[in-house]
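A short write-up of the structure that comes next.
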Amino acid sequence: MTDSSTNMRLKLPAACFILEIILIILFGVLVEYDHDTDAKLFNKDMTDSKANEHHGHAAGTSHNISSHNAEYENDFYYRYPSFQDVHVMIFIGFGFLMTFLQRYGFSSVGFNFLIAAFSLQWATLMQGFLHGLHDGKIAIGVESMINADFCTGSVLISFGAVLGKTSPLQLLIMAIFEVTLFSVNEFILLSLLGTRDAGGSMTIHTFGAYFGLMVTRILYRPNLDKSKHKNSSVYHSDMFAMIGTIYLWMFWPSFNSAITEHGDPQHRTAMNTYYSLAACTLSTYAMSALTAHDGKLDMVHIQNAALAGGVAAGTAGEMMLTPFGSMIVGFLAGIISVLGFKYLSPILEAKLKIQDTCGVHNLHGMPGILGAIVGAITASVVPKEVYGNGLKKVFPDVADGVRDTSYQGAMQAASIAVTLGIALFGGLLVGFILKLPMLGAPRDNACFEDNIYWEVPGEEHHMEELTVVRTEEDETLNS
Amino acid sequence: MTDSSTNMRLKLPAACFILEIILIILFGVLVEYDHDTDAKLFNKDMTDSKANEHHGHAAGTSHNISSHNAEYENDFYYRYPSFQDVHVMIFIGFGFLMTFLQRYGFSSVGFNFLIAAFSLQWATLMQGFLHGLHDGKIAIGVESMINADFCTGSVLISFGAVLGKTSPLQLLIMAIFEVTLFSVNEFILLSLLGTRDAGGSMTIHTFGAYFGLMVTRILYRPNLDKSKHKNSSVYHSDMFAMIGTIYLWMFWPSFNSAITEHGDPQHRTAMNTYYSLAACTLSTYAMSALTAHDGKLDMVHIQNAALAGGVAAGTAGEMMLTPFGSMIVGFLAGIISVLGFKYLSPILEAKLKIQDTCGVHNLHGMPGILGAIVGAITASVVPKEVYGNGLKKVFPDVADGVRDTSYQGAMQAASIAVTLGIALFGGLLVGFILKLPMLGAPRDNACFEDNIYWEVPGEEHHMEELTVVRTEEDETLNS
Amino acid sequence: MTDSSTNMRLKLPAACFILEIILIILFGVLVEYDHDTDAKLFNKDMTDSKANEHHGHAAGTSHNISSHNAEYENDFYYRYPSFQDVHVMIFIGFGFLMTFLQRYGFSSVGFNFLIAAFSLQWATLMQGFLHGLHDGKIAIGVESMINADFCTGSVLISFGAVLGKTSPLQLLIMAIFEVTLFSVNEFILLSLLGTRDAGGSMTIHTFGAYFGLMVTRILYRPNLDKSKHKNSSVYHSDMFAMIGTIYLWMFWPSFNSAITEHGDPQHRTAMNTYYSLAACTLSTYAMSALTAHDGKLDMVHIQNAALAGGVAAGTAGEMMLTPFGSMIVGFLAGIISVLGFKYLSPILEAKLKIQDTCGVHNLHGMPGILGAIVGAITASVVPKEVYGNGLKKVFPDVADGVRDTSYQGAMQAASIAVTLGIALFGGLLVGFILKLPMLGAPRDNACFEDNIYWEVPGEEHHMEELTVVRTEEDETLNS
């Protein structure tokens, strides 16, 4: 592999070192521990508090509440298990889901790892900068870690759209811009419009999908069929991909509930998502068999569409959607997603020149919009009496009387348009930047192939006769 | 693959759609949020408490603590981490454990996924119906989610007995009946007999194993040796199976402790299970080497028997079994399980015509009964003084003076007989139902083979010459 | 495979049975439930608690049991999620990380499983014996479980150094001694010197690495190149190894924070480690591309060096290191680790005759020492005012006025020397013990090969022509 533009020997180290050093400097200047991670702040009232300590009711399960900084009030204990589940989704879930390609496993897991590790640092800064600088400082803790992982998830969705067709350098550049625009969009929705989107149907899934789709549209390769034989799975690569799928499916309840308010919203969101996913799985299997000419199940559908129920419960999951409503949403999401893979994706490629490697439009795009619409409707039509005193945990503006439910619903709906606008515009911009030849994109006949950017080991020694074929082919790629 | 009966194009979608729509309707009619997931109920006393409300550390995400319903009292924070561990066992653990077959990985993980997604919904209804309808409604939260996953686990154990020999439609039909009978048996044991079985040695393992063994007995295939060459592992499939094994092993402490009472019982159960599994692992390795003519370890034993310590600690784990007792139990379970794989399974197949693909009798059947017996003995012989005030968390009827420890032990022992009776009778019934030809079971020479029900990708392109062999063989299967 | 010395038919069962029976007896004599796992102790003051209530979360590692024993104060809810993450690291993380070898996957996961299951039991006894026998009894709970897993981690690091060159019997013998010496070293550092090392940069990583390096030095095989063709990866084995890597990476924040004090230290440690790892990942990718002649990334670096940031944050992670400091540490750790793999390991093998299969010197050795140094510096230079009232959670001796920060730093530094001394001396001793021929080490031409100790299945049937090659080779090994 001697193609000079795809040689990453100097470009990738330069990019990684420069970016990491900038990150370190900015962290040094801007970032500090929050009240729950700082030794001094968390324990500051410890001495004064001895006097006015008091206790709650001491019933069968007696719960005493000390007024100051009892350890169990530390946000760590409310969110860290959810954080770790989200973390697994980002690194194992997304990483392995994309290993379905037969010769792109190193890149799928490895580039996922690289851009996620970068994005979570950069997201900490951008989200902190936009969501609340205090005295010029960004205070961080487990909640900001979850938010950083969320933003990273959006970048990884876009990665799915361009999978196999980009260099690690292009991906890092994409991540820089996407994290920034994600944070701007998130700020507009959550802070300016007062939109609720705990699981990110809009901020994460819709944004990431349409951003990525626009990028892959700009990077359209008319001769991609030169790599066609690599753009498919083999038996073992589908098994690895199922690891990703199952982890995403299992932990989606944690994802959607990770940053809701403590107590009933977190509990309810997890449960709504659980039932949405279960219903989605059944409709996915049904549609996969129904749309196959011989009734055989298609791994692409199972690996992806069965997850659409999690995406679609991302906005309304924390609301009083009920398990019944959640199951309807999941059921529809599975149907839409399989139909998208089967009928819409080929059209998008043929007519709109959108080469969407992982089909993120079907897993994140349409289900994300479905989730956003469900959220807008649920916000509008469920009367606030249903929430009782819990209303302020879900719709604080409605609880405060600042707005009514229909206004909340309208803001939710408007957020879809804002998200699509920023995603598409951002993807357009970034797509053109990524076209710079120096960024080292693989040539058309070398897409979906690890050994452009990775040392790939030979086959097992008893397959020597077969690897001759491979070596010859590699030389062809180099010529 | 044009065999009309195994073609799932219409049957599977019809079954999935009808079942899911029925589930959705029943959820709409019967299911509601419980006190910890409902916004109104969880926060209902919030206003009365305004007076004595206090603030925790007033950080960015301020945590108001009302005197009632403090967020940290929400059951979510006691059980959700355990729930997620159980969830991983159900979907990754069981799913991948069964991928040891060389050409049945898609089905192992994929059918596991389908029937688990169905079962957990149906179990929510059946368990809710039997264990406590309030005002005609089933109130759900994290504990019901764990219970639904537990019931699902039982179905997956039965799946292990019939692995490779059933269509997805048969599995769904089996799940409908098994979930129902599981719930009936669980109701009899826990509610009528007052039996303690937190980790389900009886309700989950014994029930699932003997139910599945009876089903596979009824579905006996005299000519199964036509698929014999597929009924074994290859190197990579054994590696995938180890993912399942290790996850089951690691999270079994969470499984057994997931629905015990809060506090010391949950803590103690997890720890007892941890030591039982550790001891079981050593006796499994010892027995595996000892029973091999050349002293080589057998992956079948390691993948399965090393888990028997978790099964066997399922009943007594929450009791004052002590780590010492737990280790003895685990040690014996490993020995019994390896002996079962080595000597009993061949006899069961030859003499009783029980074709137990995964050897569930050795992992869940015998260790489940062992666990039940240990539970009965422990309940009988440990004096109630050992529990002090903690007695009511483990044996509420004994603490209330309704029964003494020996009566409790007798009820525990009686529960084994009840469980075996319902499991065997249920398996008999369901076995005959599953024989209906329209359900699309694979023919004898097409068992243990994914490509009856799945689109299976070709091998890597450099193996073209080898796949010719496969294609010819597939045609043979179709003929 | 008829080599009599490698035949484990009697040796392995004898070792496993004898060891397990000794463990069970010692547990019976010495071990009891602690206050949080015992039914009586945890609930003892339940009735008379109203009067003398007091809060328990103020103390050191000892958990003051408040008389009312609210369930949420049970240490289980503070540590069990972290414990499970650590558990995954030990069994999946270490186990799969070592599956990179093409024909050693069964042994990597399987021997990892065996020696971990043994070590955690033995560690419970040794650590309990040294760290606090109360009335001649060892009281155990979730914290001791984490500590046992930690000690096990150290043994698994040493396993990495000798991977592929030892019998399971040798590994068990090594574990017996290493757990013992680990516990002695841990006791000297934590109890005698008052050293802080929550994540074990010294006690776990430095100790395990240098112990293992000395063992592999003593077991030096001049003719190891006879197995050279097996001492490398293939495509799928590298994918399995990435499962191990990613799990270790994701859960390292839980590892480092698992036994810190409740509240801010646990929260802060997790966050520091998260950023250290992220920074380390970028410097690892940079260095991997930079040191390759063609700029291609090397899986060995990604699988290992990207984790060095977790090792290096093991001591200072709980201190007020700041995310900024953590990122610098991680950044440096990644650079050092890749340089070690690339340039130092070959020198160690050629000049010092250290055959370090997994390169544990680069992942655990040097980063461990780096972490220890960072810990000593951080302890010395961060003024105690920075910690406020939180000082006693991190440096209790400094908070009590027993020592000042520079003395604390000096003790931290001295601990490095103590750890290296005990590790190297212990490795020397154990290395010679492991040379006993009866322990059944594989011959030079049979290293890195599962089928010495495992029944290895044939290849898929369509590869029959290829397996002939393997069979002939196996016969060669047997001759």
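Below, chain A is the first sequence line, B the second, and so on; all start at residue 1.
- Both the backbone and the side chain of Ser254(C) come within less than 4.5 Å of a heavy atom of chain A.
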Side-chain donor-acceptor distances from residues 111-119 of chain A under 3.5 Å, at least two apart:
{"from": "Asn112(A)", "atom 1": "ND2", "to": "Ile90(A)", "atom 2": "O", "distance (Å)": "3.1"}
{"from": "Ser119(A)", "atom 1": "OG", "to": "Ile115(A)", "atom 2": "O", "distance (Å)": "2.7"}

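- Counting non-hydrogen atoms of other residues, nucleotides and ligands closer than 6.0 Å to NZ of Lys384(C) gives a total of 12 or fewer.
- In this structure, the portions of Val142(A) lying under 4.5 Å from any heavy atom of chain C include both its backbone and its side chain.
- His267(C) contributes a side-chain N or O that, together with a main-chain N or O of Asp36(A), makes up a donor-acceptor pair within less than 3.5 Å.
- Among Gln266(C), Arg268(C), Met271(C), His262(C), the single residue meeting the side chain to side chain contact (heavy atoms under 4.5 Å, CB included) criterion with Phe76(A) is Gln266(C).
- If you measure heavy-atom distances from Ala292(C) to chain A, the contacts under 4.5 Å come from the backbone alone.
- Interface remark: Ile243(C) contributes backbone and side-chain atoms alike to the contact with chain A (heavy atom separation under 4.5 Å).
- Proximity to chain A (any heavy atom under 4.5 Å) is shown, for Pro265(C), by neither the backbone nor the side chain.
- Interface residue Tyr80(A): only side-chain heavy atoms are found under 4.5 Å from chain C.
- Contact of Val386(C) with chain A is made through the backbone alone, with heavy-atom distances under 4.5 Å.
- Between Phe240(C) and Phe240(A), the gap from one ring centroid to the other is short of 6.0 Å.
- The shortest heavy-atom contact between Phe106(A) and Met299(C) is CG-CE, 3.3 Å.
- Legend: side-chain hydrogen bond (donor to acceptor under 3.5 Å, both in side chains) pairs involving residues 9-23 of chain A, not counting sequence neighbours, sorted by first then second residue: Glu20(A)-Gln121(A).
- No part of Asp85(A) comes within reach of chain C, as not one of its non-hydrogen atoms sits under 4.5 angstrom from that chain.
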